[in-house]
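Single-structure report; data block below.
Side-chain atoms are counted along with the backbone in the values below, which use heavy atoms only and exclude waters and symmetry mates.
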Amino acid sequence: MSGPVFVCAAIFYRTGEKTMIEMHTGRPPTLAPRGMVACPHALASEAGVEILKAGGSAVDAAIAASAALSVIYPHMAGLGGDAFWLIYDAKQNSVRCLDGAGCAAASASIETFRARGMNEIPFRGILPATLTVPGAVASWCEAHAAHGRLPLARDLAAAAGYAREGFPVTERLANWIAATAPELAQNREAAAIFLKSGEAPRAGQSLVNRDLARSIEAVGDGGRDAYYEGEIAKELSRYAGANGGFFTEADFRAQRAQWREPISTDYHGVRIYQTPPPTQGISVLQMLNLIEPFDLSAMEYLGADHVHFLVQAKQIAYHDRDRWIADPAFTNVPVERLLSRAYADERRALIDPARALPWDKVPSYGSLAGDTVYICAVDSEGNAASLIHSLYGVFGSCVVAGKSGIVLQNRSAYFSLDPSHPNKLAPGKRPLHTLIASLAFRDDKLWQVFGCMGADGQPQIQLQAYVAMIDFGLNVQQAIESPRWLSGRFALGEPRDLLNMEGRYPEGTLKELERRGHVLNRWGAWNEVAGHAHGISIDPVTGARSGGSDPRSDGAAIGY
């Protein structure tokens with residue numbers, strides 16, 4: 001899917017011993033003195049900023065944007081999805097992680113799928129839709145209880161309004177509805193919302209979901225209990241029972257968001273925090289540990305060496321991810337060992353500066369399929385919310401549960417049915433999550449709130465952005481607009497070591513990477529599959545907020 005037609009050009013010149021980069025991008029960073037919100041739809045960013053202006057906290061603003069995206073970006077987020085947070089409390093100078101992952105139903109088991117003749121969990125339909133309980137709303141309510149300043153109903157008002165009164169469909173959403181129409185058409189409720197008269201809407205047409213408006217308003221009025229112990233849980237459970245699904249009212253009552261300790265590492269003087277297992281946030285930190293000894297700043301930005309070293313680090317870190325990362329409540333995840341400098345030194349020996357590291361040397365598997373929304377918010381007091389929220393696949397399971405108006409996720413498709421695998425399906429367990437969020441600090445001061453969509457690509461996108469900002473001195477908007485690569489297959493049958501690259505890379509870089517043995521897939525100049533990234537930088541001297549938003553999305557960084 002092609003994106004904007006403007007180009008992002010880089011000019012290199014030397015001053016002393018330092019290579020300087022002058023980036024010409026399609027838009028400058030957004031600058032604001034007090035608060036800011038950035039996410040993949042401008043209306044959702046605006047909803048968050050209005051909350052900040054009304055006296056809400058960064059968490060209030062993030063909830064407002066997340067809820068709005070659940071309506072106006074329904075292919076990527078919703079009340080039927082999961083979410084993870086990193087929350088920075090400026091007064092306490094502390095970072096907390098909130099785990100909003102949904103747990104598998106009590107009736108979930110590998111044997112259930114084996115009895116149906118299945119060796120893997122289907123990607124679409126009622127089975128993945130109801131195998132895990134949605135966790136995002138529980139995370140909203142828990143975050144709001146700890147850090148909210150405005151009533152929850154106020155935070156959710158914009159979202160409820162867009163669902164009840166309608167909103168104009170963007171060209172991207174129209175395209176995704178059309179692309180997913182065969183799957184949406186198999187669910188009567190989904191088709192009634194997204195395929196009125198049997199056709200996908202055109203860009204600019206209004207889309208209404210009044211059932212979803214009622215669900216959002218119920219959460220605003222009754223909080224967690226309205227969703228997990230009230231009429232919403234009853235309707236979702238009724239729908240599951242009537243259609244051969246898994247979760248029940250008891251599963252909803254048991255669902256809770258959990259406060260967790262974040263994980264972190266130091267990279268060239270920057271402390272970067274990530275969400276812990278069961279997410280893949282550890283992969284970002286491992287990749288940074290692997291590449292830190294290399295002098296990337298002396299390399300040509302977007303040159304062959306720059307790309308080559310990062311791709312090698314990705315392959316090594318993802319091998320560990322697929323071997324070890326799972327729900328830590330069910331399996332021992334050796335986080336301390338994986339993040340140790342000694343382990344990074346040991347694994348770094350696998351990196352060959354001259355040749356690509358083949359997958360058969362460092363086995364891995366996975367998929368880049370998946371869609372997500374990322375929201376970052378900073379308030380006037382310097383508090384920050386880094387929130388990742390997703391349905392997993394485009395429109396999740398493509399199932400709308402009865403009269404709830406809620407699109408259910410298909411995150412449970414990431415479970416393994418291999419009884420010997422750490423990420424194997426089990427009752428009450430959370431699957432490996434591709435969802436990750438980050439915060440970064442310089443000199444113990446919040447510097448960056450950053451994240452992206454992109455499923456398996458999320459750690460790779462964060463790696464490229466942080467290297468661009470830290471090693472090459474780019475601002476957040478320049479880093480986001482830079483050409484992007486993603487390593488990994490997008491479909492069965494493709495090579496597992498496929499290196500997908502946007503076409504704005506220099507031709508010399510592409511040819512040299514092929515000479516080194518990389519299997520290249522050349523995308524167009526811009527590709528939405530390369531992810532939507534958004535970030536907010538905080539100037540350590542002036543305190544100004546500088547926001548970046550991805551032109552691969554419909555988003556904006558908006559401040560006041």
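Applying the salt bridge (charged side-chain N to carboxylate O under 4.0 Å, His left out) test to every pair with at least one member in residues 437-453, sequence neighbours left out, gives no pairs at all. For residues 271-291, the pairs satisfying ring-ring contact (aromatic ring centres under 6.0 Å, His included) are Tyr273-Phe441, with sequence neighbours left out.
Ser297 and Asp295 share a donor-acceptor pair across their side chains, judged by distance under 3.5 Å alone. Arg341 and Asn289 form a side-chain donor-acceptor contact under 3.5 Å, judged by distance and modelled atom types alone. Judged purely by distance below 3.5 Å, without hydrogens or angles, the side chains of Ser264 and Arg271 pair a donor atom with an acceptor atom. Arg430 and Thr132 share no donor-acceptor pair across their side chains, judged by distance under 3.5 Å alone. When only modelled atom types and interatomic distance are considered, Glu528 and His532 share a side-chain donor-acceptor pair under 3.5 Å. Tyr73 and Asp554 form a side-chain donor-acceptor contact under 3.5 Å, judged by distance and modelled atom types alone.
Counting heavy atoms from C-beta on, the side chains of Tyr88 and Val378 never come closer than 4.5 Å. Within the 4.5 Å cutoff, no side-chain heavy atoms of Ser386 are placed close to those of Cys376. For the pair Val307/Leu302, no side-chain contact is recorded, criterion being any heavy-atom separation below 4.5 Å from C-beta on. Between Arg522 and Glu514 the shortest side-chain heavy-atom distance falls below 4.5 Å. Between Gln280 and Ile325 there is no side-chain heavy-atom pair separated by less than 4.5 Å. Considering only heavy atoms from C-beta on, Gln462 stays 4.5 Å or farther from Gln458 through its side chain. Annotation: side chain of Val467 is in contact with side chain of Ile291 (closest heavy-atom distance under 4.5 Å). Using a 4.5 Å heavy-atom cutoff, the side chains of Tyr505 and Leu513 are not in contact.
The two residues Arg260 and Asp99 make their nearest non-hydrogen contact at NH1-OD2, 2.7 Å. Closest approach of Ile558 to Ala42, counting heavy atoms only: CD1-O, 3.7 Å.
Taking His308 as the reference, His518 meet the side-chain hydrogen bond (donor to acceptor under 3.5 Å, both in side chains) condition, with sequence neighbours excluded. In this view, Phe415 satisfies the ring-ring contact (aromatic ring centres under 6.0 Å, His included) rule with no residue, not counting sequence neighbours. With sequence neighbours left out, Asp82 forms a side-chain hydrogen bond (donor to acceptor under 3.5 Å, both in side chains) with Gln409, His433. Annotation: salt bridge (Lys or Arg N to Asp or Glu O under 4.0 Å) contacts of Arg515 (sequence neighbours excluded): Glu512.
With values rounded to the nearest 0.5 angstrom, His389 atom NE2 is found 6.0 Å from Leu391 atom CG. To the nearest 0.5 Å, atoms CZ (Phe294) and CE (Met299) are separated by 7.0 Å. Rounded to the nearest 0.5 Å, atoms NZ (Lys429) and SG (Cys103) are 11.5 Å apart. Taken to the nearest 0.5 Å, the CH2 atom of Trp485 stands 9.0 Å off from the CE atom of Met501. Rounded to the nearest 0.5 Å, atoms NE2 (His41) and CG (Leu69) are 8.0 Å apart. A distance of 12.0 Å separates CE in Met287 from OG1 in Thr265, rounded to the nearest 0.5 Å.
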| request: Evaluate the criterion side chain to side chain donor-acceptor pair (under 3.5 Å) for residue pair Arg504 and Ser482; output intermediate values, then yes/no. | output: CA-CA 8 Å; Arg504 291 172 293 133; Ser482 288; over 6 Å; no
| message | The test is salt bridge (Lys or Arg N to Asp or Glu O under 4.0 Å); show your working for Glu346 and Arg337 and say whether it passes. | response | CA-CA 11 Å; Glu346 175 187 325; Arg337 167 67 170 157; 3.0 Å; yes
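Under the 3.5 Å distance criterion, the side-chain polar atoms of Thr331 are left unmatched by any main-chain donor or acceptor of Pro328. Side-chain atoms of Ser45 come within 3.5 Å of backbone N or O of Ala556 as a donor-acceptor pair. Not one N or O on the side chain of Asp550 forms a donor-acceptor pair closer than 3.5 Å with the backbone of Ser553. Side chain of Asn500 to main chain of Gly488: a donor-acceptor pair is present (N/O by atom type, distance under 3.5 Å, no hydrogens or angles). Ser438 places a side-chain N or O within 3.5 Å of a backbone atom of Phe450 that can act as its donor or acceptor partner. A donor-acceptor pair under 3.5 Å is absent between the side-chain atoms of Arg516 and the main chain of Ala356, judged by distance alone. In this structure, the side chain of Glu142 does not engage the main chain of Leu98 through any donor-acceptor pair within 3.5 Å. Here the side chain of Asn423 pairs no donor or acceptor atom with the backbone of Pro431 at under 3.5 angstrom.
Ring-plane geometry between His147 and Trp259 is classed as perpendicular, the angle between the planes exceeding 60 degrees on a 0 to 90 degree scale with a lower cut at 30.
A salt bridge does not link Asp320 with Arg323: none of the charged nitrogens is closer than 4.0 Å to a carboxylate oxygen.
Atom NZ of Lys511 has 12 or fewer heavy atoms from other residues, nucleotides or ligands within 6.0 Å.
In this structure, Tyr392 has its ring center under 6.0 Å from that of Tyr414. Aromatic ring centres of His306 and Tyr301: separated by under 6.0 Å.
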